[in-house]
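Contents: one structure, followed by commentary.
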Amino acid sequence: MFASGYGSNLEAIYTAISSHTLRGVELVLVISNNSNSRALAFAKERHITAKHISLLKFGNDEEIFQKELLKILADMRIDLIVLAGYMKKMPNGVVEKYLGKIINVHPALLPEFGGSGMYGLNVHQTVLRSGKRISGATVHIVEGEYDSGKIILQEICPVFENDTPEILSDRVKEIEHRILPKAIQIVVDRI
Ligand code: GAR
């Protein structure tokens, strides 16, 4: 599991596994690019291996960063990667090695409002500025480019005139917490 910030999606997955709603999955590793993320603290408190790994930590050397990620994933025998609020791009070598086995949750209705720079509250800000009255969440397979790849599940919610990015984010996260564990189950049952 990769997470950058608060980790509410990580928590939703943890809860789904603990309550046996999500079956056949073990949460063994949490990686974050952010050493102060609540996601890392959440994992540590539950004795899940938690690692702070970032491109920055390797002097922005993408090759070393990728090598390190691949080594950890192999050492831990990871067979499914979930990007649960991960704000960085997954290195190409990792996407190629785990093709079809990386799941991402995105806080809008892809293919709209995706791509470079579209993460977290930026996405909701852009949706609000667009004047659209519908948003939602998407869970998809990662296939290289930002926010591209086969969509597994998508669900819509309304956008109200007085919404702020934070209010819309909370509404969308409610959907994410439901559809992300469901989408993981779909992929796990297939592999
Ligand atoms: C979630 O809304 C997730 O969809 C989004 O960041 C938030 C993380 O929340 N991810 C992206 O924008 C990735 N492109 P969380 O830390 O509470 O799970």
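Whatever order the structure lists them in is the order used to number ligands and atoms, beginning at 1.
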Hey, does H177 have a side-chain heavy atom less than 4.5 Å from the side chain of N9?
-> yes
Quick one: does G7 get a heavy atom under 4.0 Å from ligand 1?
->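 A heavy atom of G7 does come that close to ligand 1.
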Within less than 4.0 angstrom of ligand 1, does V123 place any heavy atom?
->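 Per 4.0 Å heavy-atom rule, V123 does not contact ligand 1.
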Honestly, for M118 the part within reach of ligand 1 (heavy atoms, under 4.0 Å) is backbone
Does [X] use its side chain to pair, donor to acceptor, with the backbone of [Y] at less than 3.5 Å?
X    : Y    : value
Q185 : R23  : yes
N34  : S4   : yes
S169 : P165 : no
T138 : L110 : yes
D147 : G115 : yes
R46  : F42  : yes

Counting each atom of ligand 1 from 1 as listed, which ones have a heavy atom of Y6 under 4.0 Å away?
->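 Taking each heavy atom of Y6 in turn, ligand 1 has 16 (O), 17 (O) under 4.0 Å.
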Numbering the atoms of ligand 1 from 1, which are under 4.0 Å from a heavy atom of Y86?
-> 13 (C)
Identify which of S8, G85, G5 has a heavy atom lying nearest to atom 15 (P) of ligand 1.
->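 It is S8 whose heavy atom sits nearest to atom 15 (P) of ligand 1.
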Minimum-distance protein heavy atom relative to atom 6 (O) of ligand 1 |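 For this ligand atom, the closest protein heavy atom is M87 CE, 3.0 Å.
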List the closest protein heavy-atom neighbour of atom 3 (C) of ligand 1: residue, atom name, distance to the nearest 0.1 Å.
-> E176 OE1, 3.5 Å
Over 12 foreign heavy atoms within 6.0 Å of CZ, R133 = yes
Between [X] and ligand 1, is there a nitrogen or oxygen pair with a distance under 3.5 Å?
X    : value
K173 : yes
H124 : no
G120 : yes

